Structures are given as C-alpha cells and as structure tokens.
Amino acid sequence: MTKSSSIHRVPSAGGVEHGYPQGHLGHLTASEEQALKDFKVFLQEKKAWTPGPPPSHDDPTLLRYLRARKWVVQDAYGQFSETEKFRAANQIDVLYDTIDVDAYETSKKLNLQALCSRTNGGEHRGIPIYVYQIRHLDSNTVSKYEKSADTTYSNAKTDGTTPAKLLRLFALYENLTRFAQPLCTQCTDRENAETPITLSTNIVDISQVSLRMFWNLKSHMQTASMLATAHYPETLDRIFIIGAPAFFSTVWGWVKRWFDPVTVSKIFILGPTDVLPVLTSFIDIKNIPKAYGGEMEWEFFEEPKFDAEVTRLMSWENGYTALPPGPMYWRPYDDGKRLELLAVGTKDKKQRKERVATIPVAFPNQKFGEDKAVESAAAADAKVTAASTNGETPKPVDAATEDLNKLSIAEAAKGSEETAPNGLSEKTAADNIPSKETATVQ
C-alpha cells in the first residue's frame, strides 16, 4: 500500500488561460480575427450560419467554438454543427419557451443552482457568480427525482435518446446564456466594458454531501457534464469547490474521471483557510455570501442579490418589482436602444410572455451581431430562439495567472480503481489522498 501525490502549481483556467480578455471580442489577435472571418465563410458555405441582419449567431457565440477548438475552423465547425443538430433534435428553443414554470423551479432546486450576483473585483469584473449547495440526497430522493424527470414538462419533442431530466437541466444553461450573461454585458462598471460577458464563475458547497450521494449521482453528473461540455462551449471560467468532507480526497480520483479533462482543469478545491483568500482574488468581498466569509446578506434559494449597477440599470415594468420564477430572456427593444426582459414558460397550462423589465443597451452602436437569444422582437415573436453554448479546451499558462499560481495543489494518483463507495479498495483509498497541506485539487 503506497501513497502517491505530486505537488505542482495551479494552471490557469477559463478566461485566464486565454489571457483574458484576449480571445474575446474586441481583443483578438490578427490570426484570431482571420479565424473568425474564415469561420463565418465556412459556416455560410455549409448553410449553418446566415449573416443577417440580424445574423443567426452573434460573434461572441462563434468565438466560443473557436476558443474551444484552439482556433481551428474545421474543428470549431464540427462542434458547432453537432450542437445545432442536438438543439434541433431536442427543440431546446421550444423547451425553454414552454417549460412549466414550477417544473423549471423544481429542476433548479434539485440541481441546486442559485444566481448570487456579479463579480465586481479581480481580473474578471462583471462575470456572473452561480452558487450551488449540494445537500443530503439519499437513494430514495434521487430515485424520486429520476422518475419525476421522465418528461421535459414542455412542448418540446426530444430525440428519444437524451434523458428528459437532462434536457430540463439545459433550461438552466439557457438561463445563463440568455439571461445572466446578457444582463452582465450591459453593466459598464467593469474592466473591458465593451467586451460581452460569455463566462461564469461557480462556487459549489459540498459540505453536506455523503459518500453514498456521490455514487447515487454518478450517472447524472457524468452525462450532464458530457452534454454541457459538448453543447455550451467556453461558458465556464472556474468552479471553486468548498466545504469538502474529509472523505473527498479519497474519492476525488474516481470523481474527476466523470468529467471532461478540460472541465477538471477548471475545478479548484479549496481548504477552509483558503476559501476567502482565493475567492476575494476573483470576487469582490461585497459579492461573496457571508456564509463563506464575505459581506453579502444572501441565503440559498433567495432571489438573486444584484449589485448596485444592475439595480441602477433595471426599470421594472407591468407591476413587477422583482424577478418572477421561471425562465426569462432578453431581446432588443425601443429600436435597439434598450433590452426588454421577457418571462416565458407555461403557468397553469397557459403560455406566458410578459415584459418584466428593461435596461439600456450599453453600446447601442456596437456592430458584432445579434445572438439568437436577443434577436429582434418581431422575429422573436415569430419563432423561439436561443443562444448555443459549455465545453472547453485548455491553452498554455501565461503570465496573467500569477496570482492563482501562488496556490499549490496535489493531484490524485492516476490509475486508481473505481469501486462502489461501500467497497473502495485499499489502493484507491491510499493512492488518492493528497497531502494535508493541499489547498486546491485539479
């Protein structure tokens, strides 16, 4: 029985790996600009993209695929094409537009997601924060969830092979790309304010997780990660896992094999003493919940706690003073000078499409195209639209990662045996225990 671990520096992740904002709109090199032009020509030849106006997909969306595929046009087209086929086969646009509001909220809670705020400090000002807390879920709870998710609770038809419960999860990704990111993009109190926001930061609290629960959720987590990686490229910046139970270092060796290697490279597991120092290097302390050492008064399942800039921009409409439950998305309004927020989905078997609020467009003359998620009001009324998008491809570490590189991590030994939690081999238990000094696990 041997212990094996290696200490090395934390590599960059998400936006930093590209030298953020490099690789994003307004900060492209000559070769990246050319790749975007070539990609558009290639897509148009394949009848996979139309230039508009408005174009079928905007530049920030196309750039996600190029970054994910290291700027190789043909490779980016392969992922783009597969995503478009998947979206059409499962009517993702229809799903988001018609999903039952209560089912949407239930799915959000079962997948334990809550938009907390925007980051307001560090090198990624403006990126939305999602906070997750995984609570105790025994086998009966998981089984009940599996059975309750046999339908998408929408008018969408499916390809017959993708589980309905995972398609419901896609509605949450649509919320990211169609609500959270467009909202953050219009906030100008951030560095590189003209660059659209296409990333997200995720904090995952696993302090209430049991070993059995990890095993119960194995299939769900594997498949969900695979589909998200394939069809929502370059929407993830980092995942910070906090509150890891004592046994987590033991099971990390097999848990990390559930995810795409590039996604794993963006996961950082923080020890108790490292939570606040690391989070505050990316997030203003005012936007970190008090439970994690920050200053924000916010509890799980509360409404998003928006910062002052979002509050300043938001003009509530039709009697709304807060966000309603269910799916929402932004689209151009007032000749493109503003965006209107539409609440969609089905409530009491009735389709809704209600204007909740409007915000001013930060740069109305910016000509990078209109994404499906925010196409013109007339076109959006004629058909449901959506933004494609998560899968990531790593790039070399650059100097911009220096602050994060101050952290050290221990990688679990490779080749450990995957066994049910009630039958972990001694080799697996020993080989996957990192040193106690470890702050972050890749």
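Please read all numbers here as calculations on a predicted model, not as lab measurements.
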Grab the two heavy atoms, one from I285 and one from G293, that are nearest each other, plus how far apart they are. CD1-O, 4.1 Å
Checking side chain to side chain contact (heavy atoms under 4.5 Å, CB included) for the pair D237/F282: CA distance, chi angles, key distance, verdict? CA-CA 11 Å; D237 179 42; F282 299 99; 5.5 Å; no
Does any N or O in the side chain of R331 come within less than 3.5 Å of the main-chain N or O of Y333, such that one atom is a donor and the other an acceptor? no
Heavy-atom check, side chain of V356 versus side chain of N318, under 4.5 Å: no
Is there a donor-acceptor pair under 3.5 Å between the side chain of Q186 and the backbone N or O of A362? yes
I92/E174 under side chain to side chain contact (heavy atoms under 4.5 Å, CB included): CA gap, chis, key distance, verdict: CA-CA 9 Å; I92 300 300; E174 292 294 300; 3.7 Å; yes
For residues P327 and N175, determine if any side-chain heavy atom of one lies less than 4.5 Å from a side-chain heavy atom of the other. no
pair C187-V310: side-chain heavy atoms closer than 4.5 Å: yes
All heavy atoms of I99 vs all of A171, minimum pair found to be CD1-CB, 4.2 Å
T83 side-chain N/O to A230 backbone N/O, donor-acceptor pair under 3.5 Å: yes
Can you name the nearest heavy-atom pair linking S200 to L176, along with the distance? CB-CD1, 3.9 Å
Tell me whether T280 contacts the main-chain N or O of L276 through its side chain, where contact means a donor paired with an acceptor under 3.5 Å. yes
Might you work through the side chain to side chain contact (heavy atoms under 4.5 Å, CB included) test for V262 and K266, ending with a clear yes or no? CA-CA 7 Å; V262 179; K266 298 181 180 185; 4.3 Å; yes
Using a 4.5 Å cut-off on heavy atoms from C-beta on, say whether the side chain of Y130 contacts that of I203. no
Evaluate the ring planes of F86 and F170, with Trp represented by its six-membered ring, and classify them as parallel (under 30°), tilted (30 to 60°) or perpendicular (over 60°). tilted
Value for CG (D97) from CD (Q91), rounded to nearest 0.5 Å, stands at 11.5 Å
Look only at the side chain of T152 and the backbone of A164, and say whether a donor-acceptor pair between them is shorter than 3.5 Å. no
Electrostatic pair K349-D100, nearest N-O below 4.0 angstrom: no
Would you tell me whether Y153 and D102 have side-chain atoms, one donor and one acceptor, within less than 3.5 Å of each other? no
Can you check whether F80 and H57 have ring centres sitting under 6.0 Å from each other? yes
Walk me through it: do W71 and L63 pass the test side chain to side chain contact (heavy atoms under 4.5 Å, CB included)? CA-CA 9 Å; W71 305 96; L63 286 171; 3.7 Å; yes
Give me the atom names and distance for the closest heavy-atom approach of T61 to D58. OG1-OD1, 2.8 Å
Heavy-atom check, side chain of D189 versus side chain of R312, under 4.5 Å: no
To the nearest 0.5 Å, what is the distance between OG1 on T311 and CZ on F306? 8.0 Å
Kindly indicate whether the side chain of M296, heavy atoms from C-beta on, has any atom under 4.5 Å from the side chain of I288. no
Does T358 use its side chain to pair, donor to acceptor, with the backbone of E340 at less than 3.5 Å? no
Where does the angle between the aromatic ring planes of F240 and F268 fall among parallel (under 30°), tilted (30 to 60°) and perpendicular (over 60°)? tilted
If you look at every heavy atom in Q22 and T29, which pair is closest and at what distance? OE1-CG2, 4.1 Å
Heavy-atom side-chain contact between L323 and L341 under 4.5 Å: yes
Whether the side chain of N90 engages the backbone of D159 through a donor-acceptor N/O pair (distance < 3.5 Å, no angle test) should be reported. yes
Does the separation of the ring centres of Y65 and F39 fall below 6.0 angstrom? no
OG of S225 to CG of L166: how many Å apart, nearest 0.5 Å? 11.0 Å
Tell me whether the count of non-hydrogen atoms from other residues, nucleotides or ligands lying under 6.0 Å of CD in E299 goes above 12. no
Donor-acceptor contact below 3.5 Å, side chain T50 vs main chain G52: no
As an exercise, state the distance from OH of Y77 to NZ of K46, rounded to the nearest 0.5 Å. 5.0 Å
Would you please classify the geometry between the F248 ring and the W252 ring as parallel, tilted or perpendicular, with 30° and 60° separating the classes? tilted
Short side-chain to backbone donor-acceptor contact, E354 and A343, under 3.5 Å: no
Do the side chain of S281 and the main chain of V278 share a donor and acceptor less than 3.5 angstrom apart? yes
Minimum heavy-atom separation for V94 and N155, please, with both atom names. CG1-C, 3.9 Å
Rounded to the nearest 0.5 angstrom, the CD-CD distance for E82 and Q79 is 9.5 Å
Would you call E309 and T188 a side-chain contact if the rule is heavy atoms closer than 4.5 Å? yes
Rounded to the nearest 0.5 Å, how far apart are CD of E194 and NE2 of H27? 8.0 Å
Could you point out which residue of R64, K40, H24 forms a side chain to side chain donor-acceptor pair (under 3.5 Å) with D59? K40
